[in-house]
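Notes follow once the structure below has been shown.
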There are 2 protein chains.
Amino acid sequence: MTKQGRKAQFANALIELRSLIIGGSLPAGARLTETAAAERLGLSRTPVRQAMDRLVDEGLLDRIDTGGCRVASFTMTDLVDAIELRGVLEGTAARLAAERGVVPEIAERMDHVLDALDRAVDPSRFDFDAYVRLNAEFHDLLARLAGSDIVAREVERAARLPAASPVAFLQGQELIPDFRVSLGRAQHQHRRIVEAILAREGARAEALAREHARLARANLEYVMHERPGLAERVPGLALVAE
Amino acid sequence: MTKQGRKAQFANALIELRSLIIGGSLPAGARLTETAAAERLGLSRTPVRQAMDRLVDEGLLDRIDTGGCRVASFTMTDLVDAIELRGVLEGTAARLAAERGVVPEIAERMDHVLDALDRAVDPSRFDFDAYVRLNAEFHDLLARLAGSDIVAREVERAARLPAASPVAFLQGQELIPDFRVSLGRAQHQHRRIVEAILAREGARAEALAREHARLARANLEYVMHERPGLAERVPGLALVAE
DNA sequence: TGATCCTTTTCTGTATACAACTAAGCTCCT
DNA sequence: AGGAGCTTAGTTGTATACAGAAAAGGATCA
């Protein structure tokens, strides 16, 4: 069930705490002490403490003045900002890839991913799970397409911000009637972004990647306003206060 | 000398290790074990380990497969990318401030900082130390001007990337003959950025903030190509390989 | 009854102990 | 002499011990 390797306890603590928070088992604003978390997970404080440090860094926990942590709570604006930042950073990755040229191996894999995405959104043989996997890979490749480790790192970090991940809202979309149209639209944007990059059109690539992230924002607003019942199914949305 | 408070040992370890790395006492690529670091700092492994975790996160240490860390080494491209990212994120902060409106209290403080910066760069009463302090405050206020904690956080994180900080190259500029001209130019850009924000000109504000970060890139290239002897005086430049 | 002070418990930050694993050095064999 | 296998020192990940600080709770006094 859980990992058994060398850093097993730390990895377990991180994964389980994160899913407790994102899943809403630990309500936003709740105090979380190291001892309580350690006892709950059946571990010693050392790896749990390390995991909590990391979660503070990710923004899922807020350190409290007196010591100890509190589960973070987010406003809609926070989530919108997180998505905006991901768009900005993916836009930068796209622009730099256009300006500096792409890493050939990554571009080639990108090509295959795009083809596979085309097949996944084809109405005649629609494959949701494949789409989710390939979409994640597309965004990973996009981050690394310019060949800059620093850029790739920061793009990926931005995607870890609450609900900013490109896959965050796919869970919910599965249940929304016209989600196939939405996914087809997203795939169309994927194509245009890569097209702009290969044509060395940096400004266009940047603008398209930014706009692409707006899909997540639209999904966020749709879920929160039209389908509030779905909110608890989307990772991280349980933390939205107000 | 060093901090004595509650989390004193961790804070000391972080600060001292960081300055050892950035200052070049630990050469790029050198292996750094927890035990060695702990012994060198006269602390136990616990806070040192925590500090090293943080430094890995900041990118100053690379975790090694077998366990343990190595001092990171950077290429010129890495530093250029880090500066580019800071520019992009400060540009986003500026654009959002323009689009959404500014936080009045921060805008007011910004106003005072700009006036003080004018005085600091005035040739008749030039004050380098004041400039350094006020410049840092300007960038801090800019990050927070839009009122988004998430944006402010990420801007500040980007400024911690190696040599990307807006103050990184000021140390060196003190010794460069025509540095006063450069600082005056920077202050002119500060004014234009805030002007654009207050006029709600988001695109202009973003472009100006990006271009402003290019000053750091110009300084980087100047130091590396024209004044290599200065490189060791600029924090982080000792880590540049190749 | 209500507030204040003191006691007691809890929690964090730090240090240390221990086991598993890595890596290097040494011995022994060919 | 050169290489394979073993031993041993070193390093990390985890658990635990301990001291100091905050929080909680009760007792005392007005």
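Quick caveat: nothing in here was measured; it's all calculated off a predicted structure. Only heavy atoms go into these numbers, but all of them, side chains included; no hydrogens, no water, no symmetry mates. Throughout, protein chains are lettered first and strands after them, A, B, ... in sequence-line order, and every chain is numbered starting at 1.
The pair A:Asp81-B:Arg100 meets the salt-bridge criterion, since a charged nitrogen lies less than 4.0 angstrom from a carboxylate oxygen.
Taking atom CZ on B:Arg45 and atom P on C:dC18, their separation rounds to 14 Å, with Å as the unit. The distance between atom CD1 of A:Ile64 and atom P of C:dC11, rounded to the nearest whole Å, is 13 Å. Between the CG atom of B:Leu43 and the P atom of C:dT14 there is a distance of 9 Å, rounded to whole Å. For B:Leu41 and C:dA15, the CG to P distance is 11 Å, given to the nearest whole Å. In this structure, the CD atom of B:Glu39 is 14 Å from the P atom of C:dA15, given to the nearest Å.
Every residue meeting the salt bridge (Lys or Arg N to Asp or Glu O under 4.0 Å) condition with B:Arg210, not counting sequence neighbours, appears here in chain and number order: A:Glu206, B:Glu206. Annotation: side-chain hydrogen bond (donor to acceptor under 3.5 Å, both in side chains) contacts of B:Glu108 (sequence neighbours excluded): none. Every residue meeting the salt bridge (Lys or Arg N to Asp or Glu O under 4.0 Å) condition with A:Glu99, not counting sequence neighbours, appears here in chain and number order: A:Arg95. A search for side-chain contact (heavy atoms from CB on, under 4.5 Å) contacts involving A:Val56 returns A:Leu61, A:Arg63, A:Cys69, not counting sequence neighbours. Legend: residues meeting ring-ring contact (aromatic ring centres under 6.0 Å, His included) with A:Phe138, ordered by chain and number and at least two apart, are A:His190. Partners of A:Glu156 according to the salt bridge (Lys or Arg N to Asp or Glu O under 4.0 Å) rule, which considers only residues two or more places apart in sequence or in another chain, do not exist here. A search for ring-ring contact (aromatic ring centres under 6.0 Å, His included) contacts involving A:Phe10 returns nothing, not counting sequence neighbours. The side-chain contact (heavy atoms from CB on, under 4.5 Å) test applied to A:Ile22 returns A:Arg18, A:Leu60, A:Pro235, not counting sequence neighbours. For B:Arg160, the salt bridge (Lys or Arg N to Asp or Glu O under 4.0 Å) criterion is met by no residue, not counting sequence neighbours.
Relative to the axis of its first five pairs, the axis of the last five pairs of the helix from C:dT1-D:dA30 to C:dT30-D:dA1 sits at 10°, rounded to 10 degrees.
For the contact set between residues 26-38 of chain B and DNA chain D, defined by any heavy atom under 4.0 Å, the members are B:Thr33, B:Glu34, B:Thr35. Heavy-atom distances under 4.0 Å link DNA chain C to B:Pro47 of residues 47-62 of chain B, given in residue order.
In terms of phosphate contacts, B:Thr46 brings no side-chain nitrogen or oxygen within less than 4.0 Å of OP1 or OP2 of C:dT14.
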>> Walk me through whether B:Asp149 and B:Arg153 qualify under salt bridge (Lys or Arg N to Asp or Glu O under 4.0 Å).
In response: CA-CA 6 Å; B:Asp149 290 343; B:Arg153 241 181 58 129; over 6 Å; no
